Amino acid sequence: QVQLVESGGGFVQAGGSLRLSCAASGRTSGTYSMGWFRQAPGKEREFVAVITWSGRNTYYADSVKGRFTISADSAKKMVYLQMNSLKPEDTAVYYCAADRSITVQTTPRAYDYWGQGTQVTVSS
């Protein structure tokens, strides 16, 4: 089993920045990549970014490309999401997820473990 705990969410004005953290524990050696997803009220959960534990491969949703940066520290079992130039449409609960497959995935159903989420609210 893998446990994931997100932190760093909060309230910020448009144009501001936040840094989300995800602490992984348990049998993380069985996981290949870590993703960030978000879900706004009344909407489906959507992909934000993914990174392999090696850090060599990253992929972003078009909506956040150039504004968000995902990073990972495999030694500390931590994954981060630096969010800059935030917009009101970025408001959502942000989830960290772990995937055991050996390919980078962008669909929520491909991920095996999930955190409880952290709220990000961006005011206009």
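What you see is a predicted model; the values in this text were computed from it and never measured. Values below: every heavy atom of this structure, side chains too, minus hydrogens, waters and symmetry copies.
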Go through the steps to decide whether Leu86 and Phe68 satisfy the test side chain to side chain contact (heavy atoms under 4.5 Å, CB included), and finish with yes or no. CA-CA 9 Å; Leu86 283 162; Phe68 291 11; 3.8 Å; yes

If you apply the rule side chain to side chain contact (heavy atoms under 4.5 Å, CB included), what do you find for Thr58 with Val50, and how did you get there? CA-CA 6 Å; Thr58 59; Val50 60; over 6 Å; no

Kindly indicate, with the supporting measurements, whether the criterion side-chain hydrogen bond (donor to acceptor under 3.5 Å, both in side chains) is fulfilled by Trp53 and Ser33. CA-CA 6 Å; Trp53 275 118; Ser33 58; over 6 Å; no

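For the pair Glu6 (side chain) and Gln116 (backbone), a donor-acceptor distance under 3.5 Å is present. Remark: the backbone N or O of Arg56 is paired with a side-chain donor or acceptor of Ser54 at under 3.5 angstrom. One N or O on the side chain of Thr91 and one on the backbone of Pro88 form a donor-acceptor pair closer than 3.5 Å. Without hydrogens or angle criteria, Tyr111 side chain to Gln105 main chain gives a donor-acceptor distance under 3.5 Å.
Considering every non-hydrogen atom in both Phe11 and Ser123, the closest pair reads CZ-CB, 3.6 Å.
You'll find the side chain of Thr52 reaches within 4.5 Å of the side chain of Tyr32, heavy atoms only. Thr121 has its side chain out of reach of Val12: every pair of non-hydrogen atoms, C-beta onward, lies at least 4.5 Å apart.
Shown here are the salt bridge (charged side-chain N to carboxylate O under 4.0 Å, His left out) partners of Asp90, two or more places apart in sequence or in another chain: Arg38, Arg67. Tyr94 pairs by the ring-ring contact (aromatic ring centres under 6.0 Å, His included) definition with nothing, not counting sequence neighbours.
Residues Phe37 and Trp114 place their aromatic rings such that the two centres sit under 6.0 Å apart.
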